[in-house]
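No experiment lies behind these values; they were computed from the predicted model shown.
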Amino acid sequence: LAAHDPLLAIEHLQHSVEAYEQSGNRSSPAPYRSLATALMMQSSSPTDPYVERAFEAAARARAGQPGLLRSRTEHAAALRSGDMVVAAMVGDRHAHAWAFDRDTLVGYPLPPPAVIATAVERIKAYNAKQDRAGVQRIAEDLMPALLGPVMARLSALKRVIFVMDGPLRQLAISDLPLATVASSGLRHVSFTVVDDGALFDEIERRPSAAPPGLLGRSIIAQVGIAVAVAVLIVAGVAALRRRSSIP
């Protein structure tokens, strides 16, 4: 890309991918990764046609059996209101992510792969020491970078499904204190991590009724308070009536 016209480089990489597929060889995702990176570097906006092509190439780079992948259109059609998919691709020198819901696909750069790998290793080390404060410090930097433009929409979301790549596959999202990363709006959002091959099944799965977490406990508490107040009011009215009947 540095030595040639970007469009010619993309065309060459596309031919390389086609030759790779025709050979029947699936031992290396490198051709797909190179094409996805080239397309994202040529992209001039988060939503131009290069982004869609790059997303497709990245999905094939992550998948062990590219021929079995479903299209993004199929995935998007199965999403419900409030669902968002965030898919990452981490190469040797570049990393990108794509986020889509039923209507929109956006692509954006991630921190350099070396930075991502270091962050994941530090989170694992802090988790091993049960150092939640250390995990929190790393998560406050890493999670907003992974979510990118999705951060601004969290308050309207119910579920974020991550498709990870490279070192990010080792990241246990459920172990991160996400509720304090951005805002209390995160507390009603569920976060899951799946492989490309399981993405469609996860999208179609209806989230089970969540156990009373922070939000559930707050609702239960409010109901309990309301009942207690009602009991006190009834008891107070009864007491006033008894008192008014005394000569």
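Considering every non-hydrogen atom in both Tyr108 and Val86, the closest pair reads OH-CG1, 3.5 Å. Summarising the geometry of Ala88 relative to Asp165, their closest heavy-atom pair is O-CB, 3.2 Å, with the distance given to 0.1 Å. Closest approach of Ile138 to Ala119, counting heavy atoms only: CG2-O, 3.7 Å.
Looking at Met143 and Leu146, their side chains come closer than 4.5 Å, going by heavy atoms from C-beta outward. Two residues are said to be in side-chain contact when any heavy atoms from C-beta on lie closer than 4.5 Å; Tyr50 and Met40 fail this criterion.
Clustering ILVMFWY residues whenever any of their side-chain heavy atoms sit less than 4.5 angstrom apart, transitively, puts Val193 in a cluster other than the one holding Val85. Hydrophobic cluster membership is shared by Met84 and Phe162, with clusters built from Ile, Leu, Val, Met, Phe, Trp and Tyr side chains linked at under 4.5 angstrom. Side-chain heavy atoms closer than 4.5 Å link hydrophobic residues (I, L, V, M, F, W, Y) into clusters, and following such links, even through other members, never connects Phe191 to Val194.
Between the His94 side chain and the Val90 main chain, no donor and acceptor come within less than 3.5 Å of each other. Side chain of Asp48 to main chain of Ser45: a donor-acceptor pair is present (N/O by atom type, distance under 3.5 Å, no hydrogens or angles).
Applying the salt bridge (Lys or Arg N to Asp or Glu O under 4.0 Å) definition to pairs two or more places apart or across chains, those involving residues 106-124 are Glu121-Lys124.
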Validation: residues 97-106 side-chain donor-acceptor distances under 3.5 Å, sequence neighbours left out:
residue	atom	partner	partner atom	Å
Asp101	OD1	Asp103	N	2.9
Asp101	OD1	Thr104	N	2.8
Asp101	OD2	Arg153	NH1	2.8
Asp101	OD2	Arg153	NH2	3.1
Arg102	NH1	Ala77	O	3.0
Arg102	NH1	Leu79	O	2.5

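Evaluation of the side chain to side chain contact (heavy atoms under 4.5 Å, CB included) rule for Ala133 yields Asp131, Arg137 as partners, not counting sequence neighbours.
Note on Glu202 versus Arg205: salt bridge recorded, some NZ/NE/NH1/NH2 to OD/OE distance being below 4.0 Å. Taking the charged nitrogens against the carboxylate oxygens, Arg62 and Asp195 have no contact shorter than 4.0 Å, which rules out a salt bridge.
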